[in-house]
Asker: 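So that we are looking at the same thing, I have put the structure below in structure tokens.
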Amino acid sequence: MISKKSLAVVSIAALTVAGTASAVVAGGSGGRDNSRQIIKQIDPKKPKNVILIIGDGTGDSELTVGRYYLNGAEGPPMAYETLPFSGELHTWNLKYGPGPDYAPNYVPDSAPTATAWSTGKKTTDARLSQGPSEAETVPGSNEGFKTTFEIMKERGKAIGNVTTSELTDATPAAPTSHISRRACQGPADARTLCPEETKAGGGLGSITEQLVDGGYDVNLGGGSARFEQVLDDGSGNVIDYAQDEGFRYVTNAAELASVNSIKNKPLLGLFAPVNMTTQFAPLIAAPTPGAGAADFRCNESNRPASEPSLGAMTDKAIQLLSKDRDGFFLQVESASIDKRDHASDLCGQIGETKQLDDAVKEALAFQRHNKDTLVIVTADHSHTSQIVGDTSDTPGFYATVQTADGEPLRVSYGTGKTPPGQGHTGARVPVAAIGPQASNVLGIRDQTDLFYTLIGRRSGW
Ligand SMILES: [Mg+2]
Ligand SMILES: [Zn+2]
């Protein structure tokens, strides 16, 4: 197995021999000592801009599946593999309980994990930037759970949030909201599930309302149905509310492309009623011998032209946010790697891993000419899919595709009884970075530690 350290070294080699990427394969450093190149990449200054890119449910196994299928074992590195520093993050969160101490929960959902890097603090499943409590139905305290977006906005940075899921889903919602249950996405959801936290109940309101009240500059993703829910006072829906508060609202790729400024006019782009369409059509794992075949290649889905890709949304967000002279903070999520992994959908999962890497390419293209930008790529938690060998005599759920090497890749989906229905897993996740203070991701750390790298650490050697 290649250690993280040697992966970083390989990446340095990839950077220094740009143009001959095909020569860079596992162990491709050629035996040279890379210490000087590594030292050159260490920059202790606080970054001006930060781009955080999340693959939901994208542990080492999902990344490896994607790499072998898309580029092959012998092909060029994925964009995220060229980042010079990498480490690992533990993702455990807290169980509900009477407190003040809470037992660890090893297999988290996407709410406490996004809370971890957004606030530097752990909480329970389903909870967003709010403290733990005895039960999911009992709100915790928001005290001390100030988020990356709130901190960076106070510093005058432009703020962006891009996802392929609903904008109100847990990962994009953690930096924009404080709420006891991730399901309280729109006002009607909150009236049913979080009555004490609605505006009518004297709270901060649903995730949609908190997103609008935050006034963040660029908000792009799916989930228009949540924003169409009616406000507590019956005066309209959340889209009306956003427009009253000065947001520009766009609903398709052409409208998004025509936006050239966010000056005094934050942008809300909602391109699908729920989650956005995946890039590849599904290949759902089946009982032994499994779905697919040694020569099966994934097909493109029929994604409507009205829906921008994650790469296009990331590119537009960077274009708009980088006009701010004080810098920007952008969170980008490829959300449906997780969702298709839950559905035992090998091709769906791979297509979204491609979208993740396309977003990384956009971020690196900007970083190349803006060295004061920190780019970080990570996952929130691990997931089910595992690359396996010959399992023709083993009961289970499997799918096989042909990789870019021309070889069969067999994947097991083993955490659910009947697909769809796979669950998350508890292994730590990779994190990789380039730019100022990027070397702080080195080593094995807790996910809460990423918060300090995102908001910028105190400078100095
Ligand atoms: Mg997510
Ligand atoms: Zn999930």
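Positions are given from 1, in the same order as the sequence printed here. Counting convention: from 1, in listed order, for ligands and their atoms alike. Note that this is a predicted model, so its numbers are computed, not measured.
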Asker: Taking the basic N atoms (NZ, or NE/NH1/NH2) and the acidic carboxylate oxygens, is any pair closer than 4.0 Å for Lys146 and Glu154?
Answerer: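 Glu154 and Lys146: salt-bridged.
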
Asker: Is the Lys NZ or Arg CZ of Arg297 less than 6.0 Å from the centre of Tyr69's six-membered ring, within 45° of the axis?
Answerer: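 Yes - Arg297 lies over the ring of Tyr69, closer than 6.0 Å to its centre and within 45° of its axis.
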
Asker: If the threshold is 4.0 Å, N to carboxylate O, is there a salt bridge linking Asp324 and Lys157?
Answerer: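 No salt bridge links Asp324 with Lys157.
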
Asker: Sorted by chain and residue number, which protein N/O/S atoms are under 2.8 Å from the Zn ion (ligand 2)?
Answerer: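 Listed by chain and number: Asp338 OD1, Asp338 OD2, His342 NE2, His424 NE2.
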
Asker: Do any of the N, O or S atoms of Thr163 sit under 2.8 Å from the Mg ion (ligand 1)?
Answerer: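 So Thr163 does not bind the Mg ion (ligand 1) by this criterion.
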
Asker: So, do Phe247 and Tyr216 have ring centers that fall under 6.0 Å from each other?
Answerer: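 Aromatic pair excluded; centres sit 6.0 Å or further apart.
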
Asker: State plainly whether the residues Asp169 and Lys339 are in salt-bridge range, i.e. N to O under 4.0 Å.
Answerer: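 So Asp169 pairs with Lys339 through a salt bridge.
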
Asker: When you measure from the Mg ion (ligand 1) to each N, O or S atom of Asp56, which atom gives the shortest distance?
Answerer: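 It is OD2, the N, O or S atom of Asp56 closest to the Mg ion (ligand 1).
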
Asker: Just checking, Arg457 and Tyr452: is the charged tip under 6.0 Å from the six-membered ring centre and within 45° of the axis?
Answerer: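 The answer is no, since Arg457 fails at least one limit relative to Tyr452.
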
Asker: Flag Glu333 as yes if one of its N/O/S atoms falls below 2.8 Å of the Mg ion (ligand 1), otherwise no.
Answerer: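 Under 2.8 Å: Glu333 contacts the Mg ion (ligand 1) through an N, O or S atom.
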
Asker: Salt bridge check, Asp326 against Arg155: does any charged N sit closer than 4.0 Å to a carboxylate O?
Answerer: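 No, no charged N to carboxylate O under 4.0 Å.
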
Asker: Can you tell me if, anywhere in Asp169, an N/O/S atom lies at a distance from the Mg ion (ligand 1) that is smaller than 2.8 Å?
Answerer: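 No.
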
Asker: Which heavy atom of His178 sits nearest to which heavy atom of Glu197, and what is that distance?
Answerer: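 Here His178 and Glu197 meet closest at O-OE2, 4.3 Å.
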
